[in-house]
Every structure is written in C-alpha cells, then in structure tokens.
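First the proteins, then the strands, lettered A, B, ... as listed; each starts at 1. Bear in mind that the values here come from a model prediction, so they are computed numbers and not experimental data.
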Amino acid sequence: MDYKKDGKDILLRQSDFALDDTLDCGQAFRWEKIADNAYHGAFLNRQLTISCENGSDLFRLHDTSEQDFLEIWADYFDLSTDYGEIKRRFSSDDTLSKACEFAGGIRILKQDSWEALSSFIISQNNNIPRIKGIIGRLCQHYDGYPCAVDMKNETVDSLSYLRSGFRAKYLVDAISKVLDGSIDFEALRTIPLDDARNVLMTIKGVGPKVADCALLFGFYRLDAFPKDVWVKRVMSRWYPNGLPECTKGLEGIAQQYLFHYIRSI
DNA sequence: TTCCAGGCGTATC
DNA sequence: GATACGCATGGA
C-alpha cells in the first residue's frame, strides 16, 4: 500500500479507485457527496471524509490516524485486492471490457453484515434517494447505524418514523432471526453460496436479490451475483447463455461493472 | 394525476 | 414452477 501521513490526514495513492464509482453507485447508502471529488460517510461508528486530490489516484483521508487507516479503512475499501488484475481478466469479454472501461473506479466495499442486510431489505422496490432518506432517519435516531441488538425492541409501530412502508415488518423479522441465533453471520461467510442464500431467505422480505446483495456487500461473497431488473436486461441482451468463464468466482464484481454500464446506455 | 423505484409474498394455475 | 398482482412512500 502506497500511503503516508500528512498532518492529521492520510494521503493514499491508489489506482483503480474513483469516489463516484465506488461511493455513489448504490452498494452503500450512507456516503454523501459534499464537493467535487469529496465524500463524507461512515463505517460502523467511524466517520470519514475522503477526497480525491488530483482527479485520479491520490486520495486524502481527512483526520484519520495511521492505525484507523490500516485497521479499518484499508479493509473497508478493499485495498488489498488488485482490481487492475481483475479488469484485465474480464477484458477477454467484449461487453465486460467496455463495462470496466466505463466505470473502472468501482471497488466492492467490505461493509458491515447487518448494515448491508438491513439496507438491502429497505432497498426493495424503492429508489436510491428514498433508501438514503430512510437509512438517514434510522442513523439519526440511533446516532449511527444501529446493530441488530440495538434494535431488539423495535416493532412495526416503533419504526413508523422511518416511513419505510411495508418493509418495516421485514426489518422486525430480520432483527428477531439474527438475535435468536437462526442466522449465523460467521457461517454465512464460508458455507456454500446456495446454502447461505437459503439461510438469508428464511427472513421475511429477503428473496434472491436481497440475499445476494447482502452476501456480496456484507459478507464479501464475490461469487454472489445479484440479479435486479437492470442485470436481467444485461443477461438477456449480452449473455443469454450465462456469464463468460472469465467471471468465475468473481461474478459479484462483474455484476457491479455491468450494472453501471447498462444503466448508462 | 399517474408512474415508477437495485423485489417479494401470496394466490392461482 | 410459472405468472399476475398488491404493496407504502414520495419524487418525477
């Protein structure tokens, strides 16, 4: 990793990383663009302002200790994964090659499991501005994103301030299943993908798409391939016989590039 | 006003 | 197992 301390900040040189591509792409809902090339957001109970200094590969993590950078943010931004190598691998496929060129700064954020699961429950049949609104009200209420234990006494009525509509009852079911031990977060990181999806789909309101988003973004299962309406268009247009071989094991990363590509055209 | 949004549960065949 | 429909809310 190429970084140095700069006063209270960390300066990071990082290729294959763009703030808009990664933080404003619908994989996480707590990052706000505060200026050109600058975002403010949070992971667990840590807040961060991150800016791009030169419009390409130089980033400033504001007011961040070296310890927090190494122990928290380097992992969250998945800095140990070589996305350049992944894009070279994908470029053997014409469509993927164009998709990687279109949004080459995408990285998969390694988010908190409960935040990803609950956020994508909220996301169903919803639009991104409203998803952010609901999650913003939740975080304002709890002074940060609550863990499942924090929410143990919530009911559909007590969550009415979120204005999350029919999704409130799904959140309540997710809270109870996580707290009663029937959803084992540690196991979901390692058991076969189909088993992991089936476990998550025991939660009311969690179907194949929400389960795959939770697994990809919250459990770092890069083989999970969420199929929303846009990705279904991708598949019928370019891959009627399935994804190309070069995506094997990294279907979730391919999904991110393809998702943004199809939405742009 | 009507339509739609990174789906899912339910009913029906 | 496939298909049709309703669902809370709010912005376009």
ask   = Please walk me through it: do A:Thr81 and A:Arg107 pass side chain to side chain donor-acceptor pair (under 3.5 Å)?
value = CA-CA 9 Å; A:Thr81 297; A:Arg107 308 181 76 83; 5.9 Å; no

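Rounded to a whole Å, the CZ atom of A:Arg233 is 14 Å from the C1' atom of B:dG7. Look at CG on A:Asn127: it is 10 Å from P on B:dG7, rounded to the nearest Å. Computed from coordinates, the A:Ile134 CD1 to C:dG10 P distance equals 8 Å when rounded to whole Å. Atom CD1 in A:Ile135 sits roughly 15 Å away from atom P in C:dG10 (whole-Å rounding). Between A:Ile131 atom CD1 and B:dC4 atom C1' the separation is 13 Å, expressed in whole Å. Between the CG atom of A:Asn126 and the P atom of C:dC7 there is a distance of 16 Å, rounded to whole Å. A straight line from CG of A:Leu200 to P of B:dC8 spans 11 Å, rounded to a whole angstrom. At whole-Å resolution of the value, CD1 in A:Ile122 and P in C:dG10 are 14 Å apart.
Nucleic acid contact class of A:Lys232 (heavy atoms, under 4.0 Å, all strands): none. Using a 4.0 Å heavy-atom distance criterion, A:Phe259 is classed as a base contact. Across all strands, A:Arg163 comes closer than 4.0 Å only to sugar-phosphate atoms, never to a base (heavy-atom distances).
If you take atom P in B:dA11 and the same atom in C:dA8, they sit 15 Å apart, rounded to whole Å.
Partners of A:His141 by ring pair (Phe, Tyr, Trp, His ring centres under 6.0 Å), not counting sequence neighbours, listed by chain and number: A:Tyr161. Every residue was checked against the ring pair (Phe, Tyr, Trp, His ring centres under 6.0 Å) condition with A:Phe102, not counting sequence neighbours, and none meets it.
Side-chain N/O atoms of A:Arg130 and base N/O atoms of B:dA5 include no donor-acceptor pair closer than 3.5 Å.
Using a 4.5 Å cut-off between side-chain heavy atoms of Ile, Leu, Val, Met, Phe, Trp and Tyr, with links allowed through other members, A:Leu216 and A:Ile122 fall into the same hydrophobic cluster.
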Taking only nitrogen or oxygen atoms into account, show me every contact under 3.5 Å that the protein makes with nucleotides 9-13 of chain B, one pair per line with its distance.
from	atom 1	to	atom 2	distance (Å)
B:dG9	OP1	A:Gly205	N	2.9

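Side-chain atoms of A:Asp157 and A:Thr155 form no donor-acceptor pair, as typed in the model, at a separation below 3.5 Å.
Between the side chain of A:Ser158 and the backbone N or O of A:Glu154, no donor-acceptor pair lies under 3.5 Å. A distance-only check finds no donor-acceptor pair linking the side chain of A:Asp173 to the backbone of A:Ser176 [under 3.5 Å].
Mapping A:Gly165 and A:Pro129 onto DNA chain C via the closest heavy atom, the residue that lands nearer the 5' end is A:Gly165.
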